[in-house]
Each structure stands twice: as C-alpha cells, then as structure tokens.
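Chain letters run A, B, ... following the sequence lines, proteins first, then strands; residues in each count from 1. A quick note: this is a predicted structure, and the numbers were derived from the prediction, not measured.
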There are 2 protein chains.
Amino acid sequence: MTTSEAPKFRRYSAEDRAQMLVQAGLACLATGGITAFTIDNICRRAEASRGLIAHHFGGKDGLLAAVYEAAYQPMLATLRPGGEPLPLGVLLDAMFDAESHSPENLRIWLALWGEVAVNPDLRAAHRRNYGLYRNTVELAIEAHCFVRGLRIDAGALATTVIGLIDGLWLEQCIDPEGFDAASARAACKGLLEPLLGPLEVGDGA
Amino acid sequence: MTTSEAPKFRRYSAEDRAQMLVQAGLACLATGGITAFTIDNICRRAEASRGLIAHHFGGKDGLLAAVYEAAYQPMLATLRPGGEPLPLGVLLDAMFDAESHSPENLRIWLALWGEVAVNPDLRAAHRRNYGLYRNTVELAIEAHCFVRGLRIDAGALATTVIGLIDGLWLEQCIDPEGFDAASARAACKGLLEPLLGPLEVGDGA
DNA sequence: CACCTTACTATACGTTTGTTCAACAAGGTC
DNA sequence: GACCTTGTTGAACAAACGTATAGTAAGGTG
C-alpha cells in the first residue's frame, strides 16, 4: 500500500560494472569464440542493457581490449607472484595448473589469438604483455642455467618454451579428448630435461 | 553491328567454381580472420554473385567445411608425398618450409582453429585430418627410434612434437616480428636433438 | 539453329549487428 | 525530503548479415 517499489535496476560503480561486462565477454568467448562476442550476447549474459558497453568502454572494441588485458593478468600474476620470477621447475608447474588449462580458458585464448593476428590495436597490447611473459620465462631459464653451469641462449629458449607450452595448450584446446594438463606437463618436461637437467618442483636452490 | 555481345558472366564447371570460392574463402580468413569470412566478402573476392555459395555448398557452413579440408590437404600431401612417411629429419624440414609458414597461412590456421574449438561439425573433420597428421609424425618417429635403438613412446612424442611445431607457428603468427621459419626450425631441432640424436636432412638410412 | 541443362545473377526478405541518444532513476549529499 | 550526479535503460537507426528464389543466359548437344 505504501509507495515502496522494487528498484528497476541496480546501480554499480563504474569499475564494478566494467568488470562484470569483461567477465561476460570472457564467458562469451569461451562459449562461442569471437563470433559470439556480440553486444547482445555479452549484455544478456551480464544482465545489463545494450547501451552499457558503449558507456563504459566506448564501444565493442574497447571492451575487447579490456577483455584481452583481463585474460593476461592472472597468468602474469601466477608466473611472478611477488614480482620476482619463480624457479624454472615451479614456473612450468604453474603454467600447467588446472585452471589455466581449463577448456574454457583455452577457448578464450584461441579466440583472442585469432583477433590479435588481425587487429592492430590488440597486437600492440599483446606485444606489451607477451614481452613481460617472455621476460619472466627467460629470467627463470637464465637462473636455472647459471646455477647448473649450462651455456644456453636463454632468450631463444624462452621463446621456444613458450611456443611449446602454447602449442600443447592448443592441441588440448582444439580437441580436448586424449590429452590433459598432466600429460601436457609431462610432455613438456620430457622435452626439456634432456637439455636442462631435472626440473623438479623443489629445485629452488 | 552484328548481334555479338560480350557474355555477362563466365560459366565454370561446378568443381572449378567451388575451388574458386574456397580460395576466396581462404583469402578472407587470411586477411581478417573468421570475422571477415562473410558471404559478401567471399563473393566479392571471387568475383561471383552472392547466391553462388548457397548453390555450390548449400550455405556458408558448407563452404567453411570445404575451406577447412582445403587448408589441410597441402600439408598432408607435403608430409607423405607418395603415401609413405618421410624420414624424421626431412619431415621436420618440410613442416617448416617457407610456404606453410607464410603469415597468410598462419592466420588462416588460427582462424580455423578458433572455429574448430567451438564448432562440432568442424571438429569432426579436424579429428579425422589430425589423426592422419599425427599418425604420419608418429611413424616417422618410430622409424627413427628403431634405427637408432632408442626406446621412446613414439605416440606421446608425436603429440608433443606437433604441439611444439604448432606453438612455434602460433608465436610467429601472432606477432611475425623477431621470429621466422628458420629460427623456428632451429628451435625445434635444438629441443629434439638432445632426445633423439642428430636430425639431419640426409639421415635417411 | 533450336533446345536443354544448369551455372549463375540479382533482388527481396527477415534477422542481427554496433552505435547513438534522449529520457529515466538509483543512491549519495546537503 | 529536495537535489544532483551519473549509471542505466530502451528505442531508433542504418548497415551488414545469411538465405531463399524467380528469372536469366552460357555453352554443350542434337
């Protein structure tokens, strides 16, 4: 009887709403690839109206850039938790952990890669993040080789190792059957250990 | 003055026209990824009218399936020219030849992979072709190991090697700078030789 | 030259795309 | 409780999407 009415929508802070849209965008990529990354899909999933993406990101492209950043961030955070790179064995284990190897995550990356290869704006963002990624791996390899007295071009090997890991990701992603995170990790170590010596989790010192 | 008029269009055989459309489709994928794979784009590039894709392939999906097959065929043909698999060293060289590593070809694959991960029909086609691909590599590894008396799980290693090669492709594709086919081949061999012994082109016997 | 098969064109159609924008209202501030 | 900032909505819009289809004509066959 009173004038109290249920609010027609909830008002979030700009950052909160932005993150909700980014999460919805990631979910769309995971479900249907870049083709499913549409204003309608994303806003439906985020339970928001169609105008919001333009309001918070200036348009679809702005959201895609934010989505790309959001996809990279957890990986970088995992690889150097305190800013300091991990020992190589630990680093590899982190790269093959269950979450980053989830089918959803892999499909997201595949969709993003396809766009990076074709979209100059995304490529700029990629170059920056990939540089950090590669640098982290290179430092870990360098430290590993220094301790063991191995003379190896850490820069070139870093690129190769990243390629190997991403390639194993890729196979697993394209057809998830017959290959899982544990197999991928074993395969990776099997290829690296003849070159680098044993890569145990506890090889810190 | 005679009745002779220039023909309004050229009539091709069904197979010829189909191949023209497939080629145009590949070109679209190479240029703009899966987003650019549209009826308008493809037909404009093939200099054909918009109805032709439906006529020859039943629709866009039919063309995409044909494009996928067309992308796989030259690779399989390269890897076992006469039906017989090549020696491992030669096989790896073939995998890193200039043409298959062209930026266009890499972008095509990236676009197709993104779809395979999400499209059940394409996945079925992928599973079949990938099986042939993997089998070829496995046989080459098996033969290599047999000759050298190495005891290695050729099946698992085949998957790993394919992952490595595709991963190196991937890096090169996403950002073509600072990495070329020759570097990729060197990186691949550098990782495999500690495990498998020297992989020379002329290691046939 | 007449005929016939079928590759082909071109239009129309309904749907979905991304963007724009005026109006609305949620929720903190006074 | 009045006010104001601004996050939010929903409709309107043109462009682009894929498909269906009726009609056209190229080019081989007799």
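Near DNA chain D, meaning a heavy atom under 4.0 Å from it, residues 47-59 of chain B has Arg50(B), Gly59(B) in order of number.
Regarding Leu21(A), its CG atom lies at a distance of 13 Å from the P atom of dG7(D), rounded to whole Å. If you take CD of Gln19(A) and P of dG7(D), they are 16 Å apart, rounded to a whole angstrom. Asp40(A) places its CG atom 5 Å from the P atom of dT17(C), with the value rounded to the nearest Å. Here dT24(D) presents its C1' atom at 11 Å from CZ of Arg11(B), a figure rounded to the nearest Å. Counting to the nearest Å, the C1' atom of dA7(C) and the OH atom of Tyr12(B) are 12 Å from each other. The distance between atom CD1 of Ile39(A) and atom C1' of dT9(D), rounded to the nearest whole Å, is 15 Å. Atom C1' of nucleotide dG18(D) and atom CZ of Phe37(B) are separated by 12 Å, given to the nearest angstrom. In this entry the distance linking CZ of Phe9(B) with P of dA10(C) reads 9 Å, nearest Å.
The environment of Glu193(B) atom CD is dense: over 12 non-hydrogen atoms of other residues, nucleotides or ligands sit within 6.0 angstrom.
The two residues Pro194(A) and Leu195(B) have their closest heavy-atom pair at CG-CD1, 3.6 Å.
When each of Val137(A), Leu86(A), Leu192(A) is paired with Leu92(A), the side-chain contact (heavy atoms from CB on, under 4.5 Å) condition holds for Leu192(A) and for no other.
Using a 4.5 Å heavy-atom threshold, the side chains of Met95(A) and Thr78(A) count as separate.
OP1 or OP2 of dT8(D) sits under 4.0 Å from a side-chain N or O of Arg17(A).
Here the side chain of Arg123(A) pairs a donor or acceptor atom with the backbone of Ile174(B) at under 3.5 angstrom.
You'll find the ring centres of Trp109(B) and Tyr72(B) inside the 6.0 Å limit.
The residue among Arg10(B) and Asp61(B) whose nearest nucleotide of DNA chain D lies closer to the 5′ end is Asp61(B).
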